[in-house]
Every structure is written in structure tokens, then in C-alpha cells.
Amino acid sequence: MDMSFAYNLNLARKRCGFTQTDMSKKLHIDRTTYTKWETAKSEPSIDNIKRLVKKLDVSYDHLFLQFQDKKTVKKINEIVKNKIRF
């Protein structure tokens with residue numbers, strides 16, 4: 001996996017208004033394990049990827065999509081920022 005997955009995971013979590021601690025509790029894993037996924041220091045198992053998709057209500061494509069264009073990344077960040085639930 002690359003930084004795109006870690007970045008997309010981070011955005012999806014924030015869009016849902018969850019902390020890394022919240023996610024680790026929802027997935028029944030250690031917080032440091034979850035943090036490593038968002039910093040691309042380790043990769044989740046297939047089972048954990050399935051659980052992430054359900055908990056974050058995103059598609060697999062969303063988590064693995066790579067954005068090469070900086071304008072696209074900026075636009076997505078703005079959309080995510082405006083959709084964060086409080």
C-alpha cells in the first residue's frame with residue numbers, strides 16, 4: 001500500500017468525525033495499529049479493510065484511489081472539510 005491509502009483513510013475518518021482512538025475501539029484493535037495505517041507504516045489485513053469500509057461508509061475505490069493532480073486533491077480536501085459532521 002502507498003500513501004494514497006493512508007491519506008484517504010485519514011480523510012474518511014475525519015469526514016465521519018471519528019478520532020483514531022474511536023476507530024481503534026470500533027475495530028477492536030490497538031490505537032497504535034490504527035495510527036500506523038494512517039501513516040503508511042503498516043497495512044491492514046483484508047478483514048480489517050472490509051471492516052473499515054463498513055465503519056466509514058466508503059467504497060473500496062474511495063480508500064484506494066490515487067490522486068495525481070494537486071487541484072483534485074485540494075478540491076477533495078475542501079469537499080471533505082465541508083462534509084465533516086459535528
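Here the shortest heavy-atom pairing between N8 and L63 reads ND2-O, 3.2 Å. In terms of heavy atoms, N48 sits closest to P44 at CB-CB, 3.9 Å. Across all non-hydrogen atoms, the minimal contact from A40 to A6 is N-CB, 3.7 Å. Taking both residues in full, the closest heavy atoms of I49 and F64 are given as CD1-CZ, 3.8 Å, listed atom of the first, atom of the second, then distance. Closest of all the heavy-atom pairs between T33 and S42 is O-OG, 4.3 Å. For the pair R15 and L56, the tightest heavy-atom approach, listed with the atom from each and the gap, is NH2-O, 2.6 Å.
Of the inter-residue distances, the one linking M23 atom CE with I29 atom CD1 reads 7.5 Å to the nearest 0.5 angstrom. Distance check: Q20 CD to K14 NZ gives 8.5 Å after rounding to the nearest 0.5 Å.
Side-chain contact between R13 and L9: absent, with no pair of heavy atoms (C-beta onward) separated by less than 4.5 Å.
Taking the side chain to side chain donor-acceptor pair (under 3.5 Å) definition, one finds that D22 meets it with T19, sequence neighbours left out. Here T39 pairs with nothing under the side chain to side chain donor-acceptor pair (under 3.5 Å) rule; sequence neighbours left out. Residues satisfying the side chain to side chain contact (heavy atoms under 4.5 Å, CB included) test with T32, not counting sequence neighbours, are D30. Residues satisfying the side chain to side chain contact (heavy atoms under 4.5 Å, CB included) criterion with D47, sequence neighbours excluded, are S45, K50.
The ring-ring contact (aromatic ring centres under 6.0 Å, His included) analysis of residues 39-58, with sequence neighbours excluded, yields no pairs. The ring-ring contact (aromatic ring centres under 6.0 Å, His included) analysis of residues 10-36, with sequence neighbours excluded, yields the pairs Y34-W37.
Of the possible polar contacts, none joining the N10 side chain to the E38 backbone as a donor-acceptor pair under 3.5 Å is found.
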